[in-house]
Structure formats: C-alpha cells, structure tokens
Amino acid sequence: MERRKLGQGLEVSAQGLGCMGMSEFYGVGDDGESIATIHAALDHGVNFLDTADMYGPFKNEVLVGSAIKQRRGEVVLATKFGNQRGEDGAYLGINGQPEYVRKACDDSLRRLGVDVIDLYYQHRVDRTLPIEETWGAMKELVEAGKVRHLGISEASSATIERAHAVHPVTALQSEYSLWTRDPEDDVLATCRRLGIGFVAYSPLGRGFLTGETANRSASDPKDFRSVNPRFVGDAGASNLKLVANLESIAEEKHVSVAQLALAWVLSRGPDVVPIPGTKRRKWLLENIAASDLVLNESDLAAIGAAVPREAVQGKRYAERAMDSLNG
C-alpha cells in the first residue's frame, strides 16, 4: 500500500480504515468479523485506523484496542473527543472544555490499552469557548507524551488557522466524496497553505456510492442512514440516478462503483487520505483494490459529469447534526 504524508510528517497508508460502523450507526455488528477485518487491513498494509470515544459509545475504542493489542507497532492510531455521550448512549453535547479534554484523553488511552495516541482529533468545535482554550489543553497532551499529533474535524478555515497558531495541526478530518464537495470551497486550500493533511471520512457517501447499500440500510431501524436526508424519499431516489451514472463508467473500466468513487477521492492529491469504513473483509479488500486504479483526465471529467456537485439532493445530516458542522 502506498504511503502518504499528512501534516508534521505523519506518514500513513494512502487509505485508512474507518472503524465506527463496527460498533454503531450502521446496523448490528459482529465483533469477531470486525476484528478479522482490522487484522486483514494491517496484513494488506492499511495501517491508519480511525475511531472515536463516542462510537458505541466507548465500545469501538475497546474493540479497536483489543484488535491491535499484539500489533500496536504496525498501527497509526487515531481517535477523537468532543462529541460527549453518557454511558447510556445519551448525547450530552459538544465539549471542548480543557478539563474534559484531559479526562477524555485519559479515558481513551485506557480503553484502547495504549500509552500514546498517534493522532488525536477534536471531533467537533465547541462554539461556547475560544478554540485557543481547547487547543491549549490539547497541546499539553502532546507535551505530556500522551498524544503525538493533533487534528480537528469539520472545522472552518478561520478555526483551523487559530488552532494551528496554538499548536501545528497535522490533519483536518471532514466528509469528502463525489457527493460532498464542500471542502473544495475553501478548507482544502487552507490546509494546503498551512501544510495540513486532509483525511476524508465517508468517501463512499456512507456506502451510497457503492450501489449496494442505499436500499438495504433504508429499511434497518438500527442504521442511522434509514433517516438520513440523502438516503430517503425523493432525494434518495434522485441520488440513486447519480449512482447509476457511475455504474456505466465503472463497467467500462471493469471495476466496481465503489472502487471508482474511492479512486476519485484518492486522485484529489497526495495530501488527501480517505478512510472508508467497513466491518467486513469482503468490502475491505474491494476498497483496497481501488488504490490500483489510476484515473486520467478524461476519466475524471466523465466522473464529474456523471455526478455534478449541484445534482446531489439532501443535506448531509439531520438538522441538529448539521448545526455542529463548519465550526
């Protein structure tokens, strides 16, 4: 697997593995298959694993920690804090208070069973206090040796600049795919100007761009996509037509729609690292194969015409979650 560099010299596999769906949000998981998927990722050179304390909640960090227990040296481990949840799963809000930052880090280290986190993200920006206060506490974690690199998720260009002034930002993690092009407006340029890597989550549109997931997930009450604005109703039907457009291109190139969509994200630049999520080895291996697909200018033009940015229908999240973006 090719390696790519994020900011501050952090080298990771060109694709990472998003582990969220192994524990929550995407229907019922299977811990045994999830651990086998993590091991298969490492066997195939995917060393960049992504989790967060709120996934489960808390269960995903425990799962990832158990999977890497004997293979810690092979892993670039990323986790996040800031979306605070209770033990019962209740959502408690966004928290960037310094005392919470310190506690959240210690709790993640314990659940993961590691001495240091390679990349620690602020998951969402707490608008109730200056970003400098949160990042001052995060900087202390680096100085204490608990964290190697710092990142931020779904932040605006102005916030990224302010955080970077407190401590260098290694990576911005935000949604980026053929049907979520928002980073191209300004934050991607900001990251490149400041030497910050870009980690693209949901590079397959939460599975919609695979052509396999949309109908199945819409009927599963344990799958949050069953109420996602882009998956349901008229918007869902319209977006399926865009996937059909991609299918014809994929057929010509003898690849899957997922591989085509993922190769598009990989083509965005050597500083862009997608982290497609899966809990099954079958889909992991299909995603990995996308790294071998090279798209030329003609291919990219055809893909862009097949999925015009303005043709995508529906917001990325339900209204409450949308309020937490671009902090």
Could you tell me whether [X] atom [atom1] has more than 12 heavy atoms of other residues or ligands within 6.0 Å of it?
| X | atom1 | result |
| --- | --- | --- |
| Asp115 | CG | no |
| Glu297 | CD | no |
| Asn296 | CG | yes |

Please confirm whether the backbone N or O of [Y] pairs with a side-chain atom of [X], one donor and one acceptor, at under 3.5 Å?
| X | Y | value |
| --- | --- | --- |
| Asp53 | Ser108 | no |
| Arg85 | Met54 | yes |
| Ser13 | Val46 | no |
| Thr180 | Glu175 | no |
| His39 | Ala67 | yes |
| Arg206 | Leu204 | no |
| Ser238 | Ala235 | no |
| Asn287 | Leu284 | no |
| Arg4 | Val272 | yes |
| Gln259 | Ser256 | yes |

So how far is it from [X] [atom1] to [Y] [atom2], rounded to the nearest 0.5 Å?
| X | Y | atom1 | atom2 | result |
| --- | --- | --- | --- | --- |
| Asp43 | Arg281 | CG | CZ | 10.5 Å |
| Gln84 | Asp126 | CD | CG | 10.0 Å |
| Asn83 | Arg124 | CG | CZ | 5.5 Å |
| Thr51 | Met20 | OG1 | CE | 10.0 Å |
| Asp31 | Met22 | CG | CE | 10.0 Å |
| Tyr121 | Leu172 | OH | CG | 8.0 Å |

For residues [X] and [Y], report the shortest heavy-atom separation together with the two atoms involved.
| X | Y | answer |
| --- | --- | --- |
| Leu119 | Gly151 | CD1-N, 3.9 Å |
| Leu242 | Pro308 | CD2-CD, 4.3 Å |
| Gln15 | Ser291 | NE2-OG, 2.8 Å |
| Ala263 | Leu293 | CB-CD2, 3.7 Å |
| Ala306 | Leu246 | CB-CD2, 4.2 Å |
| Leu6 | Asp271 | CD2-O, 4.3 Å |

In the structure I gave you, are the side-chain heavy atoms of [X] and [Y] within less than 4.5 Å of one another anywhere?
| X | Y | answer |
| --- | --- | --- |
| Lys139 | Glu143 | yes |
| Leu112 | Leu77 | yes |
| Cys19 | Leu63 | no |
| Leu194 | Val169 | no |
| Leu266 | Glu2 | no |
| Met1 | Phe48 | no |
| Asn60 | Val62 | no |
| Leu49 | Val76 | no |

Go through the steps for Arg148 and Val116 under the test side chain to side chain contact (heavy atoms under 4.5 Å, CB included), then give the verdict.
CA-CA 7 Å; Arg148 291 193 173 103; Val116 62; 3.2 Å; yes

Determine, step by step, whether Ile117 and His149 satisfy the side chain to side chain contact (heavy atoms under 4.5 Å, CB included) criterion, reporting the C-alpha distance in whole Å, the side-chain angles of both residues, the deciding distance to 0.1 Å, and the verdict.
CA-CA 8 Å; Ile117 295 164; His149 294 267; over 6 Å; no

Listed by chain and number, what are the ring pair (Phe, Tyr, Trp, His ring centres under 6.0 Å) partners of Trp264, not counting sequence neighbours?
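Tyr176.
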
Can you list the residues that meet the ring pair (Phe, Tyr, Trp, His ring centres under 6.0 Å) rule with His123, with sequence neighbours excluded?
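By the ring pair (Phe, Tyr, Trp, His ring centres under 6.0 Å) rule, His123 matches Tyr55.
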
CA sep, side-chain torsions, deciding dist, call: Glu61, Thr79, side chain to side chain donor-acceptor pair (under 3.5 Å)
CA-CA 8 Å; Glu61 287 187 326; Thr79 191; 2.6 Å; yes

If two hydrophobic side chains count as joined below 4.5 Å and joins carry through other members, does [X] share a cluster with [Y]?
| X | Y | answer |
| --- | --- | --- |
| Phe198 | Val125 | yes |
| Val257 | Phe208 | yes |
| Ile68 | Phe58 | no |
| Leu262 | Leu295 | no |
| Tyr100 | Leu129 | no |

When you compare the side chains of [X] and [Y], does any donor N or O come within less than 3.5 Å of an acceptor on the partner?
| X | Y | result |
| --- | --- | --- |
| Ser34 | Thr37 | no |
| Tyr201 | Glu154 | yes |
| Gln122 | Ser153 | no |
| Asp50 | Gln173 | yes |
| Asp186 | Ser157 | yes |

Considering residues at least two apart in sequence or located in another chain, which fulfil the side chain to side chain donor-acceptor pair (under 3.5 Å) criterion with Lys146?
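Expected list: Asp106.
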
Residues [X] and [Y] bridged, charged N to O under 4.0 Å:
| X | Y | result |
| --- | --- | --- |
| Arg162 | Glu132 | yes |
| Arg193 | Glu161 | yes |
| Arg102 | Glu140 | yes |

Measure the acute angle between the ring planes of Trp135 and His167, then classify it against the limits of 30° and 60° as parallel, tilted or perpendicular.
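Tilted: the ring planes of Trp135 and His167 meet at 30° to 60°.
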
Between Val142, Val166, Thr170, which is the residue that forms a side-chain contact (heavy atoms from CB on, under 4.5 Å) with Leu150?
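Between Leu150 and the candidates, side-chain contact (heavy atoms from CB on, under 4.5 Å) is satisfied uniquely by Val142.
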
For the pair Tyr120 and Cys105, evaluate side chain to side chain contact (heavy atoms under 4.5 Å, CB included) and give the outcome as yes or no after the intermediate values.
CA-CA 8 Å; Tyr120 198 44; Cys105 181; 3.7 Å; yes

